[in-house]
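Read the structure below first, then the notes.
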Amino acid sequence: MSISLFDRLDVWRKTHIGERMFVLILAFIVGLLAAVAAFVLHWIINQIVYLLTHRFDATSSNWLYLVYPVVGIFLTSVFVRRVVKDNISHGITRILYAISQNRSRLKSHNTWSSVVASAITIGFGGSVGAEAPIVLTGSAIGSNLGKLFRMDSHTLMLLMGCGAAGAIAGIFKAPIAGLVFTLEVLMIDLTMASLMPILVSCVTATCFTYIFSGDTALFSFHLDNQWTVERIPPCILLGVFCGLVSLYFIRAMGWCEDIFARFRDKPYVRLALGGSALSLLIYLFPSLYGEGYGAINLLLNGNGNADWEPLLNNSLFAGDITMLVPYVALVLVTKVFATSATNGGGGCGGTFAPSLFIGCFAGFLFSHLWNIHQMGVYVPEKNFALMGMAGVMSGVMHAPLTGIFLIAELTGGYSLFLPLMIVSTASYLTIILFEPHSIYSWRLAKEGKLITHHTDHAVLTLMQLDSVIDRDFLAVAPDTDLGQIVRRISQSHHSVIPVTDAAGGLLGEIDIKKIRNIVFRIELYHHFTATQLMQAPPATLADSLPMAEVMKTFDATHAEWLPVLDHEGHLRGYISRERVLTQYRKMVADMSED
């Protein structure tokens, strides 16, 4: 049997390159490819936006805003349904799911499908971000590269983290933020074995992004007004405000998703509903078009009405600076609906950029109203717009360190590091009073499929119920007599014998320990049937039940064996408490070694 060239190279690699060094090499490749993907995506988006909007008249509204978003969502939905044929929405949530439930494996199409779909969506005006699709792309590159070299699940998870970190670092030219994002959002524990690969990926992605696009930052910011201690109270209040805005963002997003979920099997109804809502919102508030980075840069660099007035361009309020505050407030409120309509209608994009956008508008609105009402100390709008970005990101993602470092690196605003910390911390402390999970994790948390830093919970989450089911059971029919039951007992290694109907539905079970007094009395073998001897099990387990709930059921019932049923009540097998604990101890030991 001939050996392929790849297999020969793999054998040579295992002989001459150590495992840890090879992981570092893969991390470098992942960082490079993540940077390339980020650059390509943003280049495509910019080209589409320029082709569609460069002729627009800034002094009036444009009816094409009613058309472009619908076209973009339609093209994206057709691409996803006909070409990809898989769900690629909620990119970061899919990464968390892959880590928790799919042994850190992402499909190969995820290395490119999100780039194409999100470029179409955002270029045509979809009010979402490109970051989550790129993070999914980077993680998929890491996962599939690891699968190619037959890496174990732990290394695949590390390479997925490298891809995600490299994507964030490359998009924003922020290597520290990429590292912290992987720790806080993806919840990958940092050990000395995992720290270096993630750092290599972050630095590689950042350096190549500088090579591809120069040293221009995604957002430009120049500090004109130094922070002073007197601004601590408004900073704390801004943090609380950002926390409440974050709560509104998460809850409103969930409410909208529930509405679109009702039409999951009706793509054209979703297109009509989402497309029409998005088009109307963009027509009224053009700042909602695409990622909205132009509006963010305007607020981060404006110092007065003359600088802020362009924010109203292309809208019904163009030229009327007195409408600035209502316009900013309305954009702040409607952004979440524009984002939900984009994804719900069939588009593809993330909530990373929308959280930055809403944070910038929230910080500007807070500071502008503060100064209008002369609340004592003056607060510069541009500084508070910047801090608002960190605040809402910290609240929405439950990731205060990511918010702090990303905004500081993104804008070079390290001179505002202390107020960024104050706002981010206050925002995070505010939202966790109401919402324990981030916008990325609450969907999985509701299903019990979210991995966390808590070792016990993490191990139970990573355990698959299907892997501990014992299907080698011997069932009996309800009319089986005691003699036949005794013969089954001699063949079984379980302490219970299930009683099932003709369709395989569980009727009850016979506990061998409870019939010991009659199993040796041959004269009774034809006097008792399974129906007379069976009893209801202490509890039954659904085959979709999370392992954490399985262990709670064992603890509550003190049972040694519990039956597992499918959604129709058919018996799939039994789970042994001893088998679960054995696998649990092995996984804890494996995690401890890492």
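In this chain, residues are counted from 1 in sequence order. These numbers were taken from a predicted model, which means no experiment stands behind them.
- Residues Ala140 and Lys107 come closest through the heavy atom pair CB-O, 4.4 Å.
- With Val200 as the partner, the side-chain contact (heavy atoms from CB on, under 4.5 Å) test is satisfied by one option alone out of Leu26, Leu24, Val30: Leu24.
- Rounding to the nearest 0.5 Å places CD1 of Ile134 at 5.5 Å from CD1 of Ile171.
- Classified by interplanar angle (parallel below 30°, tilted 30° to 60°, perpendicular above 60°), the ring pair Phe39/Phe212 is tilted.
- Looking at every heavy atom in both residues, Ala341 comes nearest to Ile73 through O-CD1, 4.1 Å.
- If you run side-chain contact (heavy atoms from CB on, under 4.5 Å) between Val379 and each of Trp370, Trp227, Phe366, only Trp370 comes through.
- At least one donor-acceptor pair under 3.5 Å links the side chain of Asn343 to the backbone N or O of Gly349.
- Between Leu136 and Leu106 the shortest side-chain heavy-atom distance falls below 4.5 Å.
- Counted by atom type alone, Glu381 and Ser367 present zero donor-acceptor pairs between their side chains at under 3.5 Å.
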Please tabulate, for side-chain N and O atoms in residues 124-131, each donor-acceptor pair with protein atoms closer than 3.5 Å (sequence neighbours left out).
from, atom 1, to, atom 2, distance (Å)
Ser127, OG, Leu288, O, 2.9
Ser127, OG, Lys335, NZ, 2.6
Glu131, OE1, Ala353, N, 3.3
Glu131, OE2, Tyr293, OH, 2.2

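- Summarising the geometry, atom CG belonging to Leu369 is positioned 5.5 Å from atom CD1 belonging to Ile372; distances are rounded to the nearest 0.5 Å.
- Judged purely by distance below 3.5 Å, without hydrogens or angles, the side chains of Tyr327 and Ser287 pair a donor atom with an acceptor atom.
- Separation of atoms OG (Ser315) and CZ (Phe285) is listed at 8.5 Å; rounding is to 0.5 Å.
- Side-chain atoms of Thr121 and Thr76 form a donor-acceptor pair, as typed in the model, at a separation below 3.5 Å.
- When atom types are taken as modelled, the side chain of Tyr289 and the backbone of Gly123 share a donor-acceptor pair closer than 3.5 angstrom.
- In this pair, Phe364 and His368 present their aromatic rings parallel. The plane angle is below 30°, not in the 30 to 60° band.
- Within 6.0 Å of CE on Met421 lie no more than 12 heavy atoms contributed by other residues, nucleotides or ligands.
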query = Yes or no on side-chain contact (heavy atoms from CB on, under 4.5 Å) for Met389 and Ile407, after CA distance, side-chain angles and deciding distance?
reply = CA-CA 7 Å; Met389 294 168 69; Ile407 301 306; 3.8 Å; yes

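- Atom CD1 of Ile44 sits about 6.5 Å away from atom CG of Leu41, to the nearest 0.5 Å.
- Within the structure, salt bridge (Lys or Arg N to Asp or Glu O under 4.0 Å) pairs that include any residue of residues 229-256 comprise Arg251-Glu435 (at least two apart or interchain).
- When all heavy atoms of Ala390 and Leu420 are compared, the closest pair comes out as CB-CD2, 3.7 Å.
- In this structure, the separation between CD1 on Ile422 and CG on Leu418 is 4.5 Å, given to the nearest 0.5 Å.
- With rounding to the nearest 0.5 Å, the separation of OG in Ser118 from CD in Glu291 is 8.5 Å.
- Aromatic pair Phe352/Phe357: centroids not less than 6.0 angstrom apart.
- Residues Ile29 and Leu32 fail the side-chain proximity criterion, which asks for heavy atoms closer than 4.5 Å.
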